Number of protein chains: 2
Amino acid sequence: MVDHLIKHINSITPLSAEEESIVVELVREKTLVRKQFLHRAGEIAQYSAFVVEGCLRSYAVDRNGFEHILQFAPANWWISDMYSFVKSQPSELNIDALLETKVLLLSRSCQVSIFDRIPKLERYFRILTENALAASNLRTINYLSLPAKVRYEKFCTMYPTLINTISQKSVASYIGITPEFLSKLRGEY
Amino acid sequence: MVDHLIKHINSITPLSAEEESIVVELVREKTLVRKQFLHRAGEIAQYSAFVVEGCLRSYAVDRNGFEHILQFAPANWWISDMYSFVKSQPSELNIDALLETKVLLLSRSCQVSIFDRIPKLERYFRILTENALAASNLRTINYLSLPAKVRYEKFCTMYPTLINTISQKSVASYIGITPEFLSKLRGEY
DNA sequence: AAGTTTTATTAATCTATATTAAGAATGGTG
DNA sequence: CACCATTCTTAATATAGATTAATAAAACTT
């Protein structure tokens with residue numbers, strides 16, 4: 001299972017055999033069943049998770065009980081509550097599994113120590129975080145400047161695989177509209 | 001002027017005197033007058049800018065000519081078009097000055113070489129990028145789950161200094177509503 | 001300081017999207 | 001396979017926020 005992660009790291013910052021074995025030591029495997037939580041709002045995020053197989057999501061629940069999805073994490077993506085993980089503050093996000101999912105967990109303390117032992121990993125995570133920020137910025141701009149229908153179309157072209165994995169309800173939650181309205185938009189074709 | 005940057009870096013990852021002098025060598029000072037562009041949509045972002053004094057903003061212009069502000073950068077903030085800077089792709093963002101502003105510019109090529117010469121700076125930028133991502137995620141959640149009035153109130157408490165620096169029009173553009181509607185909301189108090 | 005441009009306010013009207021509700025289709029679970 | 005959950009669809013109604021327009025107030029520029 002760890003080889004998926006090693007392969008991913010090597011695609012960005014190639015590691016020596018020795019460095020690889022350090023990584024192998026520091027991560028922990030875990031399998032989540034559908035709907036199982038990896039992290040709950042109110043707790044301090046201890047882990048960042050690399051998805052080997054399946055799909056996780058992070059989401060907030062508003063005062064009316066509605067869920068708002070911040071991120072989907074299919075295979076080969078990292079997911080965490082970045083705010084909580086970085087600030088060691090309890091936060092508002094939940095992370096759970098949309099379907100049976102295998103992950104590798106890296107604790108915050110391990111991550112910090114791993115950066116000193118393998119500086120290349122600091123680069124790896126810097127690059128991933130830069131990419132995530134660029135993607136997040138694009139999403140913000142889309143949200144500010146495009147109507148729901150166009151946001152939906154963009155979502156479909158950006159994440160063609162996800163469309164077939166997740167429910168429409170989840171897509172609606174991600175693009176910021178109600179499932180009823182998404183259903184209406186889809187009916188217009 | 002560079003000492004502002006050095007001080008900022010030292011607050012996150014303390015540098016040796018020698019490392020400091022490398023930083024000093026690699027950045028370039030620039031002063032922008034009000035409304036002067038640092039970066040225009042369509043170009044590939046060459047620089048990341050550290051604001052010493054004044055305030056910049058990044059924004060996209062939609063098909064109807066409306067501006068949508070992605071980021072404000074007051075003193076001690078970095079700003080760039082992360083997408084364009086990282087992918088070396090032309091992007092949709094403009095960056096200009098809201099008032100006379102002094103910046104330090106770091107080119108992408110310098111940044112890459114600086115990481116090899118001063119690994120601490122890779123950490124510095126990793127941490128800044130993590131913080132920016134955490135803030136961006138919070139903004140996304142707010143946008144998905146809160147009505148305009150609450151987003152405005154949160155903006156006021158999160159950026160009390162900015163409120164007195166920038167126009168209401170800019171605030172409206174950042175929180176994703178029209179200036180007319182913001183004016184109406186403010187009238188309700 | 002006058003003149004010009006930009007920003008802010010107010011109010012009437014309009015629209016994209018939400019809400020509510022009810023039935024149909026799907027899908028996970030025993 | 002059958003049952004219960006959840007998801008999807010459709011339609012009527014409601015509303016947050018946009019648009020338009022006109023005037024007032026600031027804020028640059030010369």
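All values derive from a computational prediction rather than experimental measurement. Hydrogens, waters and symmetry mates play no part in the numbers below; they use all other heavy atoms, side chains included.
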Any chance you could lay out the side chain to side chain donor-acceptor pair (under 3.5 Å) test for A/Gln71 and B/Asn137, step after step, and finish with the verdict?
-> CA-CA 9 Å; A/Gln71 191 199 339; B/Asn137 285 345; over 6 Å; no

Is any side-chain N of the basic residue among B/Arg126 and B/Glu130 closer than 4.0 Å to the acidic one's carboxylate O?
-> yes

How long is the line joining CG of B/Asp96 and P of C/dT6, in whole Å?
-> 13 Å

Does D/dA5 adopt a syn or an anti glycosidic conformation, taking syn as a chi angle within 90° of 0?
-> syn

Do you reckon B/Ile114 sits in the same ILVMFWY cluster as B/Leu15, going by side-chain contacts under 4.5 Å, direct or chained?
-> yes

Between atom CZ in A/Arg186 and atom P in D/dA11, what is the gap in whole Å?
-> 16 Å

Considering just the side-chain nitrogens and oxygens of B/Gln168, establish if one lies under 4.0 Å of OP1 or OP2 belonging to D/dA26.
-> no

Using atom OH of B/Tyr152 as one end and atom P of D/dG17 as the other, report the distance to the nearest whole Å.
-> 15 Å

Whole-Å gap separating P (C/dT5) and NZ (B/Lys35) = 11 Å

Any donor and acceptor pair, going by atom type alone, linking the side chain of A/Glu92 with main-chain N or O of A/Asp62 inside 3.5 Å?
-> no

Remember a base hit wins even if backbone is also touched, and classify A/Ser167 as base, sugar-phosphate or nothing at under 4.0 Å, heavy atoms.
-> sugar-phosphate

For the helix from C/dA1-D/dT30 to C/dA25-D/dT6, measure the angle between the helix axis at one end and the axis at the other, each built from five pairs, rounding to 10°.
-> 70°

Test the A/Arg57-A/Tyr174 pair against the cation-pi criterion, namely NZ or CZ under 6.0 angstrom from the six-membered ring centroid and within 45° of the ring axis.
-> no

Are B/Asp116 and A/Arg123 close enough for a salt bridge, meaning some N to O gap below 4.0 Å?
-> yes

Contact pattern, 5' to 3', of nucleotides 12-30 of chain C - B, S or - by protein heavy atom under 4.0 Å | -----BSBBB------S--

Taking the six-membered ring for Trp, are the ring centroids of B/His8 and B/Tyr124 within less than 6.0 Å of each other?
-> yes

Return the minimal non-hydrogen interatomic distance between B/Gly176 and B/Arg151, and the atom names on each side.
-> O-NH2, 3.9 Å

What integer distance in Å separates A/Ile166:CD1 from D/dT6:C1'?
-> 16 Å

Distance in angstrom units between A/Leu144 CG and D/dA18 C1', rounded | 15 Å

Minimum heavy-atom separation for B/Tyr47 to B/Ser80, with atom names?
-> O-CB, 3.8 Å

